[in-house]
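Labels below follow one simple rule: chain letters A, B, ... track the order of the sequence lines, proteins then strands, and each chain is numbered from 1. Since we're looking at a predicted model, the values are computed, not measured.
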Amino acid sequence: MLDIQFIRDNPELVADKSKQKGYEVDITQLLGFDKERRELLQQVEDLRRQRNELTTKNKDQKPSDEQVKAGRELKDKLTDLEHKLSSIEQEYEDLLKQVPNVTPDDTPEGGEENNREEKKWGEPRQDDVEDHQAWGEKRGLIDFERGAKVAGNKFYYLKGELVQLELAVFQFGLQLAAKYGFTPVTVPHLVSQRAIEGTGFSAKGDEDQIYKIEGEDLHLIATAEIPLTGYHAAEILPTDKLPLLYVGLSPAYRKEAGAYGKHSKGLYRVHQFNKLELYVFCKPEDSEQWHKKLVDLEEEFCQALEIPYRLVRIAAGDLGQSAYKKFDIEYWSPADKNYRELMSCSNVTNYQARRLNIRYKNAEGKTEFVHTLNGTAAAFSRVCVALIENHQAAGDKVKIPTALQPFMSGKSEI
RNA sequence: GGAAGGGUGACCGAGUGGUUGAAGGUACUGGUCUUGAAAACCAGCGUGCCGUUUACGCGGUACCGUGGGUUCGAAUCCCACCCCUUCCGCCA
């Protein structure tokens with residue numbers, strides 16, 4: 001959510017930035033509601049003042065008949081106006097929540113095709129490799145057929161050494177995150193609607209992406225970002241505790257409705273995967289710096305796992321509602337001879353904090369919204385694909401990167 | 001799932017219809033005292049919104065889990081819901 005005052009002061013800017021992101025929000029209409037709301041509010045508050053004046057006169061004695069009568073009249077008028085006010089406020093808030101976060105001026109314009117490559121690391125291998133699904137199924141390590149039998153398409157079993165590999169990846173990831181100061185957290189996998197909306201997952205798009213428990217206000221998380229954002233909701237964080245750094249370990253459940261087709265082969269796009277998610281609550285002036293550190297951490301992860309990658313700055317049209325600035329790390333896919341998304345990290349400034357009312361006391365003693373950031377530390381399904389494809393060696397073995405070997409009983413290949 | 005008790009400011013905790021935005025305490029901030037610190041004492045100390053002001057500020061309004069209701073008037077009464085604690089049941 002944006003600050004209404006900011007929108008009032010910069011209506012064209014907000015409209016432009018929303019448009020760049022591809023969000024159709026009528027700022028003029030929003031400001032109209034805002035104006036109407038404020039006018040009504042003044043009338044309502046004036047009536048309330050009259051009521052308060054009338055009743056405080058009667059402190060400890062019975063009111064006269066006229067006072068009761070006057071009070072009744074005021075009450076009728078108030079009830080009427082309050083109803084009008086609350087319906088305007090409803091429309092106003094609905095619209096305000098739809099306004100996406102603004103973006104800095106150096107954000108590439110356009111959609112996904114305009115994402116800007118910032119950096120490349122590693123040597124993309126050009127020889128042919130077996131794709132991860134075929135490789136895994138042949139060895140009985142990945143089983144989509146039986147996954148479909150019990151749950152449906154895009155569900156799977158992982159077995160044997162791939163399970164060990166998964167645990168190793170998370171162990172390594174946790175260790176790396178700890179080096180940067182992150183506290184490991186496990187989180188609720190089911191959350192309320194309110195928690196989802198707080199993260200800025202579009203309330204409407206929900207149905208395409210998030211599983212809902214029938215008959216309850218409970219939803220399977222699409223990422224630990226959701227429960228981690230809500231963790232400090234409505235709190236005033238002690239300034240000396242900032243930044244608060246968490247690395248959440250959880251499964252991620254995604255409907256991925258309509259996401260079939262390209263880039264959905266095998267483990268790349270599935271309904272469920274385990275993930276390590278980084279989350280930062282910090283002072284506004286520190287968020288840029290923490291964004292860089294999140295990128296550093298992610299790069300260090302890829303380098304340790306010897307996965308060639310490139311760092312990409314996400315263009316406006318490819319940003320989500322809450323992102324102010326976002327980078328993706330794309331791994332080199334030897335099967336596709338192309339880079340594909342592996343992890344991402346976003347600075348959402350105070351967009352989520354404002355919605356969930358997460359604040360701290362600044363140097364002047366004023367309460368102010370914190371900034372929040374999130375980033376992938378490791379989404380195993382994709383890491384698994386990247387490892388299998390990039391580390392295939394002679395004899396169809398897959399080499400295990402040195403960094404992971406300590407977590408796999410020293411095993412050096414699968 | 002059943003029963004009982006409870007949700008008040010950063011925290012603890014009074015408060016069952018009318019100067020209660022809310023006693024008291026803690027914490028915090030400033031001051032006195034002290035070589036310094038502690039202690040003691042004095043003072044200050046919530047937030048949102050609307051309006052107003054060059055500004056310090058000022059005026060109004062709202063907020064005692066959430067949402068409704070009763071009343072001239074609600075933290076206080078009524079209803080629903082949420083959450084917490086304890087006990088019972090069930091269970092990894």
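- Dashed line: the shortest gap from a side-chain N or O of A/Lys75 to OP1 or OP2 of B/rG73 is under 4.0 Å.
- By the 30° and 60° cut-offs, the orientation of the rings of A/Tyr246 relative to A/His232 is tilted.
- Side-chain nitrogen and oxygen atoms of A/Asn357 include none within less than 4.0 Å of the OP1 or OP2 phosphate oxygen of B/rG48.
- In this structure, A/Met1 atom CE and B/rG48 atom C1' are separated by 11 Å, rounded to whole Å.
- Rounded to a whole angstrom, the distance from the P atom of B/rU61 to that of B/rC81 is 34 Å.
- Taking the nucleotide of RNA chain B with the nearest heavy atom to each of A/Ile236 and A/Thr367, the more 5' of the two is matched to A/Ile236.
- Between the CD atom of A/Gln42 and the C1' atom of B/rG51 there is a distance of 6 Å, rounded to whole Å.
- In this entry the distance linking CD of A/Glu82 with P of B/rU61 reads 13 Å, nearest Å.
- Rounded to the nearest 0.5 Å, atoms NE2 (A/His371) and CG (A/Asp286) are 10.0 Å apart.
- Across B/rG13 and B/rU86, the matching P atoms stand 15 Å from one another, rounded to whole Å.
- One can place CZ of A/Arg48 at 6 Å from P of B/rA62, the figure rounded to the nearest angstrom.
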statement: Writing each nucleotide of RNA chain B 5' to 3' as (, ), [, ], | or . by Watson-Crick or G-U pairing under 3.5 Å yields ((((((((.[[[..)..(.....]]].(((((.......))))).(((((((....))))))).[[[[[..)....]]]]])))))))....
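- Look at the P atom in both B/rU26 and B/rC41: the space between them is 9 Å, to the nearest Å.
- With salt bridges taken as basic N to acidic carboxylate O contacts below 4.0 Å, none links A/Asp296 and A/Lys292.
- Within the 4.0 Å cut-off from OP1 or OP2 of B/rU52, not a single side-chain nitrogen or oxygen of A/Arg38 is found.
- Listed candidates were B/rU61, B/rU47, B/rC72. Nearest to the side chain of A/Glu45 is B/rU61.
- Within the structure, a side-chain polar atom (N or O) of A/Asn52 is placed less than 4.0 Å from OP1 or OP2 of B/rU61.
- Aromatic pair A/Phe144/A/Tyr156: centroids less than 6.0 angstrom apart.
- Nucleotide B/rG69 holds its P atom 13 Å from the CG atom of A/Asp76, rounded to whole Å.
- A cation-pi contact links A/Arg37 to A/Tyr92, judged by a cut-off of 6.0 Å to the six-membered ring centre and 45° from its axis.
- Heavy atoms of A/Arg8 sit under 4.0 angstrom from primed sugar atoms or phosphate atoms, though from no base atom.
- On the C1' atoms, B/rG25 is 24 Å away from B/rA37, given to the nearest whole Å.
- Residue A/Tyr92 is the one, among A/Tyr92 and A/His83, whose nearest nucleotide of RNA chain B lies closer to the 5' end (criterion: closest heavy atom).
- Rounded to whole Å, the P atom of B/rU70 lies 15 Å from the corresponding atom of B/rC79.
- Regarding A/Glu89, its CD atom lies at a distance of 11 Å from the C1' atom of B/rC50, rounded to whole Å.
- Every side-chain contact (heavy atoms from CB on, under 4.5 Å) that A/Glu39 has, sequence neighbours left out, goes to A/Lys35.
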message: Show, in sequence, the C-alpha distance, side-chain angles and deciding distance for A/His219 and A/Gln193, and conclude whether the side-chain hydrogen bond (donor to acceptor under 3.5 Å, both in side chains) test is met.
response: CA-CA 7 Å; A/His219 310 255; A/Gln193 180 74 27; 3.3 Å; yes
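- The P atoms of B/rG17 and B/rC12 are separated by 26 Å, rounded to the nearest whole Å.
- Taking atom OH of residue A/Tyr360 and atom C1' of nucleotide B/rU47, one finds them 17 Å apart after rounding to whole Å.
- A gap of 14 Å separates the C1' atoms of B/rA62 and B/rA74, to the nearest Å.
- When the P atom of B/rU61 is taken as reference, atom CG of A/Leu74 falls 13 Å away, rounded to whole Å.
- Partners of A/Tyr309 according to the ring pair (Phe, Tyr, Trp, His ring centres under 6.0 Å) rule, which considers only residues two or more places apart in sequence or in another chain, are A/Trp121.
- Using modelled atom types and a 3.5 Å distance limit, the side chains of A/Tyr331 and A/Glu389 yield no donor-acceptor pair.
- Backbone-only contact: A/Arg37 has heavy atoms under 4.0 Å from sugar-phosphate atoms and none from a base.
- Using atom C1' as the reference point in both B/rU8 and B/rC83, the two lie 15 Å apart (nearest Å).
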